[in-house]
Asker: 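Could you have a look at this structure, given as structure tokens, before my questions?
Reminder, nothing fancy here: chain letters follow the sequence lines and each chain counts from 1.
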2 protein chains.
Amino acid sequence: MSRVFNTPEVVSQQTRQLVLGVAAEIGYLPNESARTLATKKSNMVGLVWDTDHRRPGWRHPFLQDILVALKSALSAHGLHLLMLAPDQSPGLDSEHRFLRAVQRHNVDGVVIIDNGSRDPAVLALADAEVPCVALDLRYTGPTCTYITSDNTGGGRLAAQHLIERGHRRIATITGPLPAYPAVQRLDGFRAALAEAGVPLPDDAVVSGDWYLDSGHAAMKQLLERDPRPTAVFAAGDEMAVGALRAVHQAGLRVPDDIAIVGFDDIEVAALIPPGLTTVAQDKTGIGTSAAEALLAMLPGTAAAPEPTALPTKLIVRGST
Amino acid sequence: MSRVFNTPEVVSQQTRQLVLGVAAEIGYLPNESARTLATKKSNMVGLVWDTDHRRPGWRHPFLQDILVALKSALSAHGLHLLMLAPDQSPGLDSEHRFLRAVQRHNVDGVVIIDNGSRDPAVLALADAEVPCVALDLRYTGPTCTYITSDNTGGGRLAAQHLIERGHRRIATITGPLPAYPAVQRLDGFRAALAEAGVPLPDDAVVSGDWYLDSGHAAMKQLLERDPRPTAVFAAGDEMAVGALRAVHQAGLRVPDDIAIVGFDDIEVAALIPPGLTTVAQDKTGIGTSAAEALLAMLPGTAAAPEPTALPTKLIVRGST
DNA sequence: TTGTATGCGTTATCAT
DNA sequence: ATGATAACGCATACAA
């Protein structure tokens, strides 16, 4: 009887023991499909993560940390995480391929891992009624919120650090500028420089695509300026590593000739000589916060919590 | 009508058009729970991956690559990947917490990501009747197989490379020795040395735990030998990086004083100076092969395919 | 407190 | 080729 498992307080000791005994004996296990069918709740959270290889977003090395934290936090509440295959049913519009997959499974909520492309099929989820948390994708709605790092604050941290170290000719390598985190990091960086009266001319701002090669190319471009900058803030660690390499190839030293600050604190940052000073994201916190935001919405009654921006932290290493 | 969707060839053009038209009009979507309940097939593959933070196995940086490849390959066949929360129902034995989760959901198959601990709750899955593919966990059964890299062959590659480079005083840092990949890599390495008549004394074999610090400690120990080795094979890249650091701290140079070969080809290997020569695992291949092995078992009729050992590849960089 | 019946949305079986 | 109906396993509302 389902009462014994779901509302034990309403059943007598006797029958409870009896039922539990029999259940154990025959190895009874509740069937989740039947349960979902009857209750319209599945104890599953959908994960929408487009890993299509034509899109590079999924390669970001700290997604694993976020994912593990997310999964652990959800598991602690008995929630499973369903990595959804897009619904490719022939004849149906592909705009809703994720939304359809979500709806077919009665998932209790959805987590969106953004690949930075603002795919319409992903955006369509926010219009649905299902509780929804996006990571690094700025999207809100009645049942939709998002979690990011405090990218603006992180940009400020980088600027303040370089200023404190006495730098005045400062440049930056940004992420792809339509992307939300890229814009925010640049804004914070620029604001902190402005407050300190340090100039940031337009040609000291070069944009990359988060990946190593673009950081390398951008730094080469920056090194051609005269006078060249004494410090560079790369808005992502991979780009910072590329920049580091360009500096070395130019026969210059880090941090003596040029100081470099990155963003993210991925594994390489600590391992690469001379150690990359970087603005660390709280990867575990992002995953955990996403789970919490979702849990807050699960009752169905509560409105979407405010977007959360998690604090970043400056990690000083040898590159500054 | 379900016939229109599942067996369109048995229904007339007329009614097909009619039903499809109405379905589109009212936005009909099949309910997966009901479908699963009726068919006992869920189009879901369970992922058993114990990310408990007390166990460090989940941190391995290339799991993300495997996971993405696995998910993509499954998605291409319309299969969703369910990351299962262990079933912690009070009063039930924890030995079967994963098995129970698997059974409750009617998943069509299971993929096991091993954390190296041979958790009994994980092993219990192989006794079930559900198709089952393990990664780097040597386990077979009527419905259970596994995918690994050819660790033995990889160990050989490392040894042959060092021998070709003219090294004769060679040492190795192994993984934790009960672990299957650790044993295999050592076996292959040892065999290739023996065939070439190069000795590998017992005190030239030190074991670590895959992580950086253990590689660092192991290398310090190896450097105390007299005469010290001219080449070291670290059976994992993180340990190799630790070893690299220990060499530098001892005031020695890589590769001039000591050559180092790693295993895995994680991101850092390419980024860290002077570039780490390493035995690359085919991460995408592992994920894809796991999906294929599972798909081969899905009909339910087929026996488990033979275990697959994917070829490894030597990537020569500056450290040798 | 406990038993019973109906519904959840789909598939599958049996007639038609 | 199509229509009707009984499972599938559980939750729930209603009776007892």
Side-chain angles (χ1 to χ4, degrees), chain A residues 1-44 46 78-80 82 84-85 87 89 91-92 99-108 128-130 298-300, chain B residues 1-44 46 78-80 82 87 89 91-92 99-108 128-130 298-300:
Chain A
M1 281 301 144
S2 97
R3 277 188 275 246
V4 176
F5 292 93
N6 301 320
T7 49
E9 65 278 6
V10 85
V11 70
S12 76
Q13 285 289 359
Q14 282 196 30
T15 42
R16 190 187 320 180
Q17 300 298 344
L18 178 62
V19 173
L20 248 37
V22 176
E25 202 159 344
I26 65 175
Y28 168 80
L29 285 182
N31 180 309
E32 294 295 336
S33 308
R35 182 188 279 249
T36 299
L37 183 58
T39 61
K40 297 184 172 311
K41 311 195 123 291
S42 60
N43 289 323
M44 296 191 300
L79 293 171
H80 311 270
L82 181 61
L84 291 162
D87 177 2
S89 309
L92 296 185
L99 181 55
R100 284 198 304 270
V102 162
Q103 292 172 152
R104 290 170 65 139
H105 284 275
N106 285 112
V107 295
D108 301 336
E129 293 164 11
V130 59
L298 283 200
Chain B
M1 280 301 148
S2 97
R3 276 189 275 246
V4 176
F5 291 94
N6 300 322
T7 50
E9 66 279 5
V10 85
V11 70
S12 76
Q13 284 289 358
Q14 281 196 30
T15 41
R16 191 189 317 180
Q17 299 298 344
L18 178 63
V19 173
L20 248 35
V22 176
E25 203 160 344
I26 66 175
Y28 168 80
L29 285 182
N31 180 309
E32 294 295 336
S33 307
R35 181 187 277 247
T36 299
L37 182 58
T39 61
K40 295 185 172 310
K41 310 194 123 290
S42 60
N43 290 323
M44 296 191 300
L79 293 172
H80 310 270
L82 181 61
D87 177 3
S89 309
L92 296 185
L99 181 54
R100 284 199 305 270
V102 162
Q103 292 173 151
R104 290 171 65 140
H105 284 275
N106 284 112
V107 295
D108 302 336
E129 293 164 11
V130 59
L298 283 200

Asker: Residues from residues 27-41 of chain A sitting under 4.0 Å of DNA chain C, heavy atoms only?
Answerer: A/Leu37, A/Ala38, A/Lys40

Asker: Specify the angle, to 10°, made by the local axes at the two ends of the helix from C/dT1-D/dA16 to C/dT16-D/dA1 when five pairs are taken at each end.
Answerer: 40°

Asker: Rounded to the nearest angstrom, tell me the gap between atom CD in B/Glu9 and atom P in D/dT2.
Answerer: 13 Å

Asker: Would you mind reporting whether B/Leu99 and B/Gln103 have side-chain heavy atoms less than 4.5 Å apart?
Answerer: yes

Asker: Would you check if the side chain of B/His80 reaches a backbone N or O of B/Met44 as a donor-acceptor pair within less than 3.5 Å?
Answerer: no

Asker: Would you mind reporting whether B/Leu79 and B/Leu298 have side-chain heavy atoms less than 4.5 Å apart?
Answerer: yes

Asker: What side chain to side chain donor-acceptor pair (under 3.5 Å) pairs are there with at least one residue in residues 18-32 of chain B, not counting sequence neighbours?
Answerer: A/Arg104-B/Glu32, A/Asn106-B/Asn31

Asker: Find the distance B/Gln14:CD to D/dT2:P and express it as a whole number of Å.
Answerer: 8 Å

Asker: Round to a whole Å and report the spacing from CG of A/Asn6 to C1' of D/dG9.
Answerer: 13 Å

Asker: Look for any protein N or O under 3.5 Å of an N or O in nucleotides 14-16 of chain C and output each such pair with its distance, or none.
Answerer:
none

Asker: Which heavy atom of A/Ala101 sits nearest a heavy atom of A/Asp87, and at what distance?
Answerer: N-CB, 4.1 Å

Asker: Once side chain to side chain donor-acceptor pair (under 3.5 Å) is applied, do any residues pair with B/Ser12, and if so which ones, sequence neighbours excluded?
Answerer: B/Thr15

Asker: In whole angstrom, give the distance that lies between atom CZ of B/Arg104 and atom C1' of D/dC10.
Answerer: 12 Å

Asker: Would you confirm whether B/Arg3, through its side chain, and B/Val10, through its main-chain N or O, come within 3.5 Å as a donor-acceptor pair?
Answerer: no

Asker: For B/Pro30 and B/Arg35, which heavy atoms make the closest approach, and how far apart are they?
Answerer: CB-NH2, 3.9 Å

Asker: Partners of A/Thr39 by side chain to side chain donor-acceptor pair (under 3.5 Å), sequence neighbours excluded?
Answerer: none

Asker: CG of B/Leu18 versus C1' of D/dG3: gap in Å, rounded?
Answerer: 14 Å

